[in-house]
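What follows is a short report on a single structure.
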Amino acid sequence: MSTSTTDEAAPHDGERPRVVLGVAGGIAAYKACELLRRLTESGHDVTVVPTAAALEFVGAPTWSALSGKPVASDVWTSVHEVPHVRIGKSADLVVVAPATADLLARAAHGLADDLLTNTLLTARCPVVLAPAMHTEMWEHPATVANVATLRSRGVLVLEPAEGRLTGADTGKGRLPDPGEIFETCVQVLARSGGDGAPAQDLAGRRVVVSAGGTREPLDPVRFLGNRSSGLQGWALARAAVARGASVTLVAANATLPDPAGARVVRVETTAQLREAVLAAAEGADALVMAAAPADFRPTEVSTAKIKKADDGAAPPIALVQNPDILREVAARPVGPTRPGVVVGFAAETGDAHAGVLDLARAKLTRKGCDLLVVNDVSGGAVFGSPDNDAVVLAADGAAVEVGHGSKAHLAHAVWDQVVLRLGPASPDRPPRPGQPPG
Ligand code: CTP
C-alpha cells in the first residue's frame, strides 16, 4: 500500500474523527472489513452500520470485534439512545462500502427504513458512497438517475472499478480497492476540516493525470526506464476524486492499486502514454503531467534477446528522441483538444550558471504550459519518497511556495492553483447543482 495520509485526517483538535461505516448487502461486504481495519488502526472512531442484507454476508460479531463497538442494523436496538438520529448527527464522515443499487435508490429517495438510511438522512457531514454491483445494474437508467440525484446533493459517489465481478463476468461494478477507499475518506475528512475550502470545487470537471515512469523496450527482456514511483500522480488523482472531479489516470508501470473512483489506463511506453493522454485530454478541463516519460527510446527493438559477444564488446544502442507530450498538448489552441489548464512537473537541480527557479521559468516558457510544479532535487532524489518540497510557477507570473509536506499536500496545492485558473464549466458538462462552478 502507498503512503497513508492520516496526519491530515483530524477535523477536531485532540478528538478522534468519527466515521460511520455503512455496509450494504453485496458480496463485497467482506472487503469493508479491510476498510474498517485501516480506519480504526489510523485512529478513527468508527461505528459500523450494516444493513440486514449485509449481515447475511458478514456477521455482526466481525464488525463489532473490528470496531470495538456494538453493531445494529435496525432502529429498535438501544432506542433510549435515539441511535437513528444520534449516529448520523455526530459523524464527521459517513462512508458506505459497498453501496448496492438498492441502497443508492433508498438514499436518493430519502427512505428511512433501517438504521443506515436514517443515518444518511440525519448526517450533515460529507458522505462518500462506494458502489459495487453488476454492470447492468450500475448502467440501468434508474441507478444512473439515483447517482445523479445523490451527486447533485453533494454526495461523493465513487465510480466503481472495472474488473472481475461475482461469477464469471467482468465489467464495471467492482468495489474499488479498500485501501484506496480509505485514502479517499482521509482526503475528504481533511477537506472538511474547517479551512474554508469548498469541499468539491472540482465537481463537474474532467481532469487527466499522468503518473509513473515509462519503459522503452530494448529486447524482449530489457528496457530503458526510470525510478518514478507514481506516488505523486496517485496523490493527484485521489485528491481530484475527493474534490469531486471525474478523473482519468494514465499510469505508466506503477504497481499501485487503482485510486478509488478514477478511471485508470495502464501504459508502458512513452508512445502509449502519449496516445492515452491525448485521447483522455479531449474535452478535459485540466491535464497534469506528473509522469516521467522516457525522453529517448532505442531506434530498434530487437525481437530476440541481445546476447553477449565472445570478444567482450558491448553492443551500441542507438536512441531516438520521444515526442514531448506536455509541449504538444500545451501548444494547441485552447479548445476541445487542449484542456484549459495544463500542468507540468519538473525535478531540477541548479547549475553553475542558473538557479533552480531560473531553469524552471525557462522550462515553463519552453513547454508552454500554464503551471509548472518544481521540485528542487539538488539535495537528493524525491522518487519514491513520501514527502515533497515544491514551488508552483504559473505562466501568469505567480510563484506559490508549497513547502515541505506529503504528496497529498502538494496535490491539493496544485489543484488549488488549477481551480483558480479554470474557466467556466463547459455547458454540456455543467457543475453539479448546488456546487460552485469552480
Ligand atoms: N514530459 C512530457 N513528455 C516527455 C518528457 C517530459 O510530457 N517526452 C513532461 C513531464 O511529464 C513533465 C514535464 O514534461 O511534466 C517536464 O519533464 P522534464 O523531464 O523535466 O522535461 P524535459 O523537457 O525532458 O527537460 P530536461 O531536458 O531538463 O530533462
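Numbering of ligands and ligand atoms starts at 1, following listing order. Keep in mind the model is a prediction, meaning the values are calculated, not measured.
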Would [X] and [Y] pass as an ion pair if we require N to O under 4.0 Å?
X: Asp45; Y: Arg18; result: no
X: Asp219; Y: Arg222; result: yes
X: Glu41; Y: Arg38; result: no

Practice task
If a pair satisfies salt bridge (Lys or Arg N to Asp or Glu O under 4.0 Å) and one of its residues is in residues 315-332, list it, with sequence neighbours excluded.
Solution key: Arg274-Glu328, Asp324-Lys367, Glu328-Arg332
Completion exercise
Nearest heavy-atom contact between Ala399 and Val391 is CB-CG1, 4.4 Å
Practice task
Output the distance between atom OG1 (Thr170) and atom CZ (Arg164), rounded to the nearest 0.5 Å.
Solution key: 8.5 Å
Handout entry: Neighbour list for ligand 1 [protein residues, heavy atom under 4.0 Å]
Key =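 Correct list: Met289, Ala291, Pro293, Asp295, Pro323, Asp324, Ile325, Leu326, Gly344, Phe345, Lys363, Lys367.
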